[in-house]
Visitor: 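Below you will find the structure I want to go over with you.
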Amino acid sequence: MRSDIIKKGFERAPHRSLLRATGLTDADFHKPFIGVANSHVDIIPGHFYLQEYGRIAKDEIRKAGGVPFEFNTIGVDDGIAMGHEGMHYSLPSRELIADSIETMMNAHRLDALLCIPNCDKIVPGMVMGALRVDVPTVFCSGGPMRAGHLKDGTAIDLNTAFEAVGKRALGQISDAELEEIECNACPSGGSCSGMFTANSMNVLCEAMGIALPGNGTVLALTPEREALLRSAARRAVEIAGDERFRMRNIVTADAIHNAMVVDLAMGGSSNTVLHMLAIAREASVDYGLRDLQALSRRVAHVAKIAPSLSTVHIEDVHTAGGVPAVLKEVARRDDLVRTGALTVTGETVGERIAGAEVKDRAIIRTLEAPYSPVGGLAVLFGNLATEGAVVKTAGIQASMRRFSGQAVCFDSQDAALEGIKGGRVKPGHVVVIRYEGPKGGPGMVEMLAPTSMIMGMGLGESVGLVTDGRFSGATRGACIGHVSPEAAEGGTIALVKDGDTITLDVDERTLVLGVTEEELAKRRAAWAPVKKAVSSSWLRRYALLVSNASAGAVMKTEL
């Protein structure tokens with residue numbers, strides 16, 4: 001066992017003495033030591049109950065013959081951090097989480113790991129940290145929340161609340177109607193009920209094989225979720241010390257491919273692209289935006305889930321057969337799913353999905369009658385994004401798949417919000433929000449507030465948005481994010497002027513600024529970056545070391 005280095009031999013008497021102080025006995029020194037990385041945080045709806053889940057997991061680990069050692073990570077709730085300075089800390093928190101997993105596991109030489117994440121950047125942060133540690137690891141999220149409902153039975157979610165703000169600003173709904181939405185959009189604990197970033201990443205953990213079937217779709221705070229957690233905890237003990245199940249033996253090129261197949265088939269959050277690029281890097285897998293662009297043309301979009309112009313929520317996907325059913329459907333296309341990939345349960349992906357069944361074709365469509373013959377995410381290239389940009393095609397109206405408009409430029413999200421509220425944005429415009437990338441933000445803030453305002457003000461079918469920032473999983477509309485290179489590093493987006501023509505073509509996968517190369521050269525020669533005053537030493541360090549979105553916004557390890 002890896003943990004022998006802290007518990008075996010006469011030289012380790014001081015180490016054992018410290019461990020005895022925590023309650024260990026002679027018998028425990030012959031058992032595997034299991035780390036339990038818990039992301040319990042009181043302020044996050046998907047995490048406030050995870051302290052109890054940690055107790056359940058530790059109880060099951062002890063029953064299975066292991067010794068659990070629980071530790072915690074931080075977490076940022078993107079919805080609560082949205083629209084103010086706090087959002088700058090969200091993406092950087094992914095790096096802190098990865099570092100904390102690596103630090104705790106390697107400092108104490110634990111044998112295996114059970115990760116209990118749920119929301120936002122916590123899932124990918126834990127995956128990245130676990131890949132560095134490379135011990136047998138099982139993931140079990142806290143589970144999704146139920147969809148909310150209005151008095152008339154209409155299904156709603158967090159995105160409904162954000163878009164209601166725009167409607168209230170226009171006087172289209174009353175304070176009472178806004179309050180009804182506010183009080184019912186998030187009815188229980190769990191990760192927000194649509195295919196937002198948290199649920200997208202939890203689904204992808206299942207597709208990668210690092211979590212048990214049901215991880216992405218079994219509702220939080222249910223007996224079924226508790227049973228799943230207990231199974232995951234037992235499995236962590238069973239595979240401790242087994243080289244086959246080391247994290248890097250599960251998260252292979254095939255696993256990352258399968259994750260992106262499911263992401264495209266279900267129209268996941270565009271944030272998943274950012275995180276999967278970072279995860280691929282940690283796994284030493286060569287995977288980039290060009291690979292995703294090619295794959296997106298082969299994967300049919302068979303499950304359309306809120307907020308992608310749909311009232312279907314994650315609980316409905318679970319009832320319809322869950323992630324295994326989605327994988328089995330898309331696997332009908334030859335060689336699309338890497339069925340030989342190993343999962344943490346010991347099955348291959350092919351064996352895992354063999355018995356899966358689609359129980360509701362209104363939720364999970366066939367390959368012959370998909371929502372779209374191509375995936376729910378797309379990567380665009382062009383002179384405005386020479387290293388790529390990402391769009392959630394699942395959330396775009398058909399009329400906006402090809403759109404040309406005049407640029408209206410803002411050098412921050414706050415300026416954009418003021419401009420949208422102040423009437424600067426009209427039908428036919430393309431809103432450009434720049435200096436909000438990983439380096440320029442710093443922290444690559446999410447743009448749910450401006451996109452929700454655009455939708456709430458009735459401009460969703462007549463206005464595009466382009467940014468080097470990123471979007472919430474709740475975003476819908478013609479919203480192009482992750483533009484790389486970003487403005488802060490001199491990308492073309494920094495050179496756009498009001499009135500320039502921008503053309504996006506989702507089907508052709510292009511994002512083009514209608515300005516000649518000669519004119520761009522003149523602008524570049526006169527360009528000076530916008531410098532933001534950043535008081536935080538952590539965010540200043542982050543800005544110095546972070547890469548752009550096309551590389552996953554990872555921290556550089558060499559200058």
Visitor: With a 4.5 Å heavy-atom cut-off, do I493 and Y435 have their side chains touching?
Guide: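 The answer is no; the side chains never approach within 4.5 Å.
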
Visitor: Is there a side-chain contact between S191 and M201, using heavy atoms and a 4.5 Å cut-off?
Guide: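 S191 does not reach M201 side chain to side chain.
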
Visitor: Does NZ or CZ of R290 lie under 6.0 Å from the centre of the six-membered ring of F381, at an angle within 45° of the ring axis?
Guide: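 Yes, a cation-pi geometry holds between R290 and F381.
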
Visitor: Give me the one residue out of L50, N118, T73, I116 that meets side-chain contact (heavy atoms from CB on, under 4.5 Å) with H40.
Guide: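 Testing each of L50, N118, T73, I116 against H40, the sole residue satisfying side-chain contact (heavy atoms from CB on, under 4.5 Å) is L50.
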
Visitor: Tell me whether K8 forms a cation-pi arrangement with F29, defined as NZ or CZ under 6.0 Å from the six-membered ring centre and within 45 degrees of its axis.
Guide: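 No.
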
Visitor: Think R235 forms a cation-pi with F245, using NZ or CZ under 6.0 Å from the six-ring centre and within 45 degrees of its axis?
Guide: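 Because its charged atom sits under 6.0 Å from the ring centre and within 45° of the axis, R235 does stack over F245.
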
Visitor: Do E95 and K121 come within less than 4.5 Å of each other through their side chains, counting heavy atoms only?
Guide: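 No, too far: nothing below the 4.5 Å cut-off.
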
Visitor: Could you check whether E238 pairs with R234 (Lys NZ or Arg NE/NH1/NH2 to Asp/Glu carboxylate O, under 4.0 Å)?
Guide: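 No, no charged N to carboxylate O under 4.0 Å.
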
Visitor: Would a 4.5 Å heavy-atom cut-off, applied to side chains only, mark V326 and M266 as touching?
Guide: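 In short, these two side chains touch, coming nearer than 4.5 Å.
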
Visitor: Give me the one residue out of E436, E486, E446 that meets salt bridge (Lys or Arg N to Asp or Glu O under 4.0 Å) with R470.
Guide: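 Looking at E436, E486, E446, the match for R470 under the salt bridge (Lys or Arg N to Asp or Glu O under 4.0 Å) is E446.
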
Visitor: Taking the side chain from N271 and the backbone from F471, do they hold a donor-acceptor pair closer than 3.5 Å?
Guide: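 Present.
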
Visitor: Run the side chain to side chain donor-acceptor pair (under 3.5 Å) test on R248 and S284 for me, step by step, so that the C-alpha distance in whole Å, both residues' side-chain angles and the decisive distance to 0.1 Å come before the verdict.
Guide: CA-CA 9 Å; R248 286 171 173 262; S284 300; 3.2 Å; yes

Visitor: Does any donor atom in the side chain of N548 or S550 lie under 3.5 Å from an acceptor atom in the other side chain?
Guide: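 Yes.
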
Visitor: Please check this pair: side chain of K439 against backbone of A543, looking for a donor-acceptor N/O pair closer than 3.5 Å.
Guide: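 It does hold such a pair.
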
Visitor: Indicate whether the side chain of T272 and that of D263 have a donor and an acceptor atom separated by less than 3.5 Å.
Guide: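 T272 vs D263: donor-acceptor pair found between side chains.
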
Visitor: Does any N or O in the side chain of H47 come within less than 3.5 Å of the main-chain N or O of Y49, such that one atom is a donor and the other an acceptor?
Guide: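 It does not hold such a pair.
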
Visitor: If you measure only the distance, is there a donor-acceptor pair under 3.5 Å linking the side chains of E508 and T510?
Guide: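 Their side chains do not contain a donor-acceptor pair, so the 3.5 Å distance test is not met.
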
Visitor: At what distance, to the nearest 0.5 angstrom, does CG of L228 lie from CG of L219?
Guide: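 Spacing of CG (L228) from CG (L219) equals 12.0 Å.
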
Visitor: Step by step, work out the side chain to side chain contact (heavy atoms under 4.5 Å, CB included) result for L327 and T339.
Guide: CA-CA 10 Å; L327 265 172; T339 54; over 6 Å; no

Visitor: For P68, does its backbone N or O pair with a side-chain atom of K58 as donor and acceptor, under 3.5 Å?
Guide: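 Flag not set: sc K58 to bb P68 has no pair under 3.5 Å.
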
Visitor: Are any side-chain N or O atoms of R333 and backbone N or O atoms of R298, one a donor and one an acceptor, separated by less than 3.5 Å?
Guide: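 Yes: the side chain of R333 pairs with the backbone of R298.
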
Visitor: Taking atom types as modelled and ignoring hydrogens, do the side chains of D111 and S3 form a donor-acceptor contact shorter than 3.5 angstrom?
Guide: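 Note: D111 and S3 side chains meet the donor-acceptor criterion.
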
